[in-house]
Enquirer: 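Pasting in a structure now, in structure tokens, and then I'll have a few things to ask.
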Amino acid sequence: MALLQNSYVTFALSGVLLGIGFVLPWLWFVGVLGGALFLYQLQRTQKSLDKFLGAWLAWTVKAAFPTSIFWSVYPIDWLPIEFGNIQVALIFMYWSTAALWLGSGALVVALYLYVTQRWFKKRQTWFYAGLPLVWVLSEVFGSVVFSIMMLGPGGTINASYSLGYVGYLLAENPTLLLLAKVGGVYVLSFAFVVLALVVLFAIRETNRKYRSAATAFLLVVVMSGFIIHPANHGSFEGYRVHTIDTRFGRGLLDTKAKEQAVSQGLQKAMEAALINDPDYIILPEGAQFFDQAAPDGLAKSRFKFTYDSPEVVVVDSGRALVDEKTVVQATVYNQEQNSIEKVQKRYLVPQGEFMPTLYQKILELFGYRGVVEYIAGSLAYEVGPETDQTRMSANIPGILFCFESVSPYGVQIILNEKLTMPFVAHPVSHAWFHDSKILWQQLDTMLKVQAMWGDVYIVSAGNYVASRVISPNGLVFTPEPVAAGEGWVVREVIIPKVY
């Protein structure tokens with residue numbers, strides 16, 4: 001207990017409690033206790049500097065848990081052998097600094113407390129009344145700081161990177177998840193802070209009646225997480241959607257022979273997927289079933305000739321060169337409109353699609369120019385000129401590219417652009433992450449929240465991860481397999497028609 005008298009130790013402990021639920025989802029409620037401890041320590045810390053640094057420490061520790069997914073990329077098997085000795089250092093640099101940038105949002109909460117304590121000494125209710133909203137804005141601020149520190153060739157200043165938002169902890173409770181219908185993770189984070197304040201009230205309140213009422217309320221909230229919501233994905237009329245899951249790593253594309261083997265595997269998967277006459281076929285991100293460099297007419301003619309003009313929409317994606325920029329592009333074959341339609345990825349993640357300028361300078365400073373040149377050459381994506389999906393045909397699903405799911409408003413942007421769509425297609429590739437269950441769990445939670453907020457089905461097709469279907473009521477399930485071959489699995493799901 002003597003150790004807890006140190007304010008920094010207590011701040012760090014609150015960060016552990018706030019973050020552990022991102023790694024062990026069943027401990028989501030511990031995060032609420034961590035939030036109460038954080039607020040308690042923030043209020044009782046007297047020195048202003050300790051208040052700000054302690055808050056930043058707590059949120060950095062909190063962010064270190066969800067960003068621990070970076071460690072699952074080890075070993076980075078596509079780096080040359082001579083770079084193997086610095087892989088751990090590279091991953092540690094990304095992990096620790098990412099947590100630091102995201103944790104900076106706590107400075108806004110600390111500033112808010114400092115101002116209210118100084119200006120409203122006798123009316124601390126101002127602090128409590130505005131805190132839930134300020135906390136939400138603080139998390140957004142941390143995301144903006146993250147985007148600034150991670151700027152590079154493919155980066156923009158935004159508030160998209162939402163790993164560690166406390167609202168995602170409440171999403172593990174199926175009853176509290178319903179709040180996402182109102183405003184996504186932002187409303188969930190608001191509710192999280194309200195619960196943390198109730199915990200703080202229950203601890204501080206001397207009146208036994210009020211304390212008992214607050215405690216009973218919290219128990220009801222926690223127990224509501226054990227309510228079983230029936231899964232309903234039985235048979236009904238709708239769109240027949242086939243997803244093609246693959247297990248093709250970057251190393252399989254390092255020679256022409258291996259690249260050809262992947263292409264042949266995808267062709268066999270496509271043949272198997274077309275047998276049951278689906279309405280839609282979704283391939284993982286980076287599948288490159290279509291030649292992204294081929295003229296649209298040629299790509300369309302090749303597909304129609306090879307597969308006898310099937311009545312189907314095929315969503316493919318891959319690397320493409322557009323206006324001298326290397327972009328991630330979706331190519332959609334649309335038989336109903338007799339067209340090939342294309343759209344490019346609007347949000348690129350700094351760890352996997354471009355190298356931040358700051359990190360390039362740091363590595364060069366320590367004599368690793370060769371590493372910088374190699375990685376920057378391999379990860380040289382930029383945002384393309386055609387990211388707006390407004391012009392896409394109504395029968396084409398909205399397209400949420402891989403890791404665009406970390407943006408709390410990723411699906412909302414698509415819904416605003418495409419007022420009519422059958423569902424959202426989510427092509428992904430996790431070849432870097434070596435079957436990271438922590439990553440899968442967090443991304444599933446983010447998609448649950450977005451599906452509920454947007455009231456839309458999301459269907460993902462994955463490389464190195466199984467397909468997922470996320471329903472508007474927050475249910476997540478893997479479609480049933482209907483065919484399989486070496487390195488690929490075809491799965492099927494029926495999505496209810498919305499128009």
Side-chain angles (χ1 to χ4, degrees), residues 239-246 263 266-267 269-271 273-274 277-322 327-347 383-402 404-405 410-411 413-429 456-463 467 490-491 493 495 497-499:
Y239 304 108
R240 185 183 299 274
V241 182
H242 281 185
T243 61
I244 298 178
D245 292 345
T246 59
S263 177
L266 288 174
Q267 290 176 25
M270 181 61 68
E271 291 170 2
L274 287 167
D277 194 25
D279 299 301
Y280 295 89
I281 297 175
I282 307 172
L283 294 104
E285 184 168 286
Q288 301 214 148
F289 177 79
F290 294 111
D291 183 354
Q292 299 288 334
D296 294 351
L298 180 59
K300 180 179 65 176
S301 299
R302 283 176 177 172
F303 185 80
K304 294 177 72 171
F305 177 78
T306 303
Y307 299 102
D308 196 23
S309 300
E311 295 289 332
V312 68
V313 171
V314 180
V315 179
D316 179 42
S317 61
R319 186 177 185 135
L321 191 65
V322 177
V327 303
V328 179
Q329 178 172 271
T331 298
V332 183
Y333 171 83
N334 186 359
Q335 174 60 23
E336 182 178 312
Q337 302 294 328
N338 191 29
S339 65
I340 289 285
E341 302 183 40
K342 295 178 179 179
V343 68
Q344 288 125 33
K345 191 171 184 177
R346 75 178 84 226
Y347 174 61
V383 177
E386 299 291 342
T387 60
D388 194 322
Q389 299 186 31
T390 305
R391 56 189 175 77
M392 306 288 281
S393 298
N395 70 310
I396 289 179
I399 299 173
L400 184 74
F401 288 90
C402 184
E404 286 187 334
S405 56
V411 170
I413 291 177
I414 296 171
L415 291 172
N416 289 334
E417 292 176 349
K418 281 180 63 65
L419 300 180
T420 303
M421 71 180 80
F423 57 92
V424 172
H426 183 44
V428 300
S429 178
V456 64
Y457 275 87
I458 301 175
V459 183
S460 71
N463 181 37
S467 293
V490 176
R491 301 180 185 274
V493 66
I495 300 298
K497 290 187 177 181
V498 293
Y499 73 95

Enquirer: Output all residues satisfying side chain to side chain contact (heavy atoms under 4.5 Å, CB included) with Asp388, sequence neighbours left out; order by chain, then residue number.
Expert: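 So Asp388 forms a side chain to side chain contact (heavy atoms under 4.5 Å, CB included) with Thr390, Glu417.
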
Enquirer: Find out whether Gln337 and Ile396 are in side-chain contact, i.e. whether some heavy atom of one side chain is under 4.5 Å from a heavy atom of the other.
Expert: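 Of all side-chain heavy-atom pairs linking Ile396 with Gln337, none is under 4.5 Å.
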
Enquirer: List the residues meeting salt bridge (charged side-chain N to carboxylate O under 4.0 Å, His left out) with Glu271, not counting sequence neighbours, and say none if there are none.
Expert: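 With sequence neighbours excluded, Glu271 shows a salt bridge (charged side-chain N to carboxylate O under 4.0 Å, His left out) to no residue whatsoever.
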
Enquirer: Of the options Val424, Ile495, Val493, Val241, which is the one that meets Tyr457 in a side chain to side chain contact (heavy atoms under 4.5 Å, CB included)?
Expert: Ile495

Enquirer: Could you pull out all residues at least two apart from Gln344 that satisfy side chain to side chain donor-acceptor pair (under 3.5 Å)?
Expert: Gln329

Enquirer: Distance-only criterion, 3.5 Å: show the donor-acceptor pairs between side-chain atoms of residues 283-291 and protein atoms not counting sequence neighbours.
Expert:
unit_1, atom_1, unit_2, atom_2, d
Glu285, OE1, Cys402, N, 3.0
Gln288, OE1, Arg319, N, 2.4
Asp291, OD1, Ala293, N, 3.0

Enquirer: What pairs with Val312 under side chain to side chain contact (heavy atoms under 4.5 Å, CB included), at least two apart in sequence or on another chain?
Expert: Leu274, Pro278, Ile281, Phe303, Pro310, Val314, Tyr333

Enquirer: Once rounded to the nearest 0.5 Å, what's the spacing between atom CE of Met270 and atom OG1 of Thr306?
Expert: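 Result: 10.5 Å between the selected atoms.
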
Enquirer: Is the backbone N or O of Ser339 less than 3.5 Å from a side-chain atom of Asn334, with the two atoms forming a donor-acceptor pair by type?
Expert: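 Side chain of Asn334 to backbone of Ser339: no pair is present.
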
Enquirer: Apply the side chain to side chain contact (heavy atoms under 4.5 Å, CB included) test between Leu400 and each candidate in Gln389, Lys345, His426, Arg346; give the one that qualifies.
Expert: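 Testing each of Gln389, Lys345, His426, Arg346 against Leu400, the sole residue satisfying side chain to side chain contact (heavy atoms under 4.5 Å, CB included) is His426.
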
Enquirer: Apply side chain to side chain donor-acceptor pair (under 3.5 Å) to His242 and list each qualifying residue two or more places apart in sequence or on a separate chain.
Expert: Glu492

Enquirer: How would you list, by chain and number, every residue that makes a side chain to side chain donor-acceptor pair (under 3.5 Å) with Ser393, sequence neighbours excluded?
Expert: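 Per chain and number, Ser393 pairs via side chain to side chain donor-acceptor pair (under 3.5 Å) with Glu341.
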
Enquirer: Measure across Pro422 and Asn395 and return the closest heavy-atom pair with its distance rounded to 0.1 Å.
Expert: CG-O, 3.6 Å

Enquirer: Given side-chain contact (heavy atoms from CB on, under 4.5 Å), test Val322 with Glu386 step by step and report yes or no.
Expert: CA-CA 9 Å; Val322 177; Glu386 299 291 342; 5.9 Å; no

Enquirer: What's the verdict on side-chain contact (heavy atoms from CB on, under 4.5 Å) for Met421 and Ile414, showing C-alpha distance, side-chain angles and the deciding distance?
Expert: CA-CA 10 Å; Met421 71 180 80; Ile414 296 171; 3.7 Å; yes

Enquirer: Could you check whether any side-chain N or O of Ser467 sits under 3.5 Å from a backbone N or O of Ser460, counting only pairs where one atom can act as donor and the other as acceptor?
Expert: yes

Enquirer: Kindly write out the residues that satisfy side chain to side chain donor-acceptor pair (under 3.5 Å) with Ser317, not counting sequence neighbours, or none if the list is empty.
Expert: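 Residues passing side chain to side chain donor-acceptor pair (under 3.5 Å) with Ser317: none at all.
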
Enquirer: Please give me the minimum heavy-atom distance between Leu419 and Asn416, naming the atom from each residue.
Expert: CD2-O, 3.8 Å

Enquirer: Just grab all the salt bridge (Lys or Arg N to Asp or Glu O under 4.0 Å) pairs involving residues 292-304, residues at least two apart or on different chains.
Expert: Asp296-Lys342

Enquirer: For Asp279, what residues pass the side chain to side chain contact (heavy atoms under 4.5 Å, CB included) criterion, not counting sequence neighbours?
Expert: Tyr239, Arg240

Enquirer: Quick one: list whatever passes ring-ring contact (aromatic ring centres under 6.0 Å, His included) with Phe401, sequence neighbours left out.
Expert: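 Counting only residues at least two positions away or on another chain, Phe401 forms no ring-ring contact (aromatic ring centres under 6.0 Å, His included).
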
Enquirer: Mind checking what makes salt bridge (charged side-chain N to carboxylate O under 4.0 Å, His left out) contact with Asp316, not counting sequence neighbours?
Expert: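 So Asp316 forms no salt bridge (charged side-chain N to carboxylate O under 4.0 Å, His left out) with any residue.
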
Enquirer: Quick one: does any side-chain atom of Lys418 pair with a main-chain N or O of Ile399 as donor and acceptor, under 3.5 Å?
Expert: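 Side chain of Lys418 to backbone of Ile399, a donor-acceptor pair under 3.5 Å: no, none is there.
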
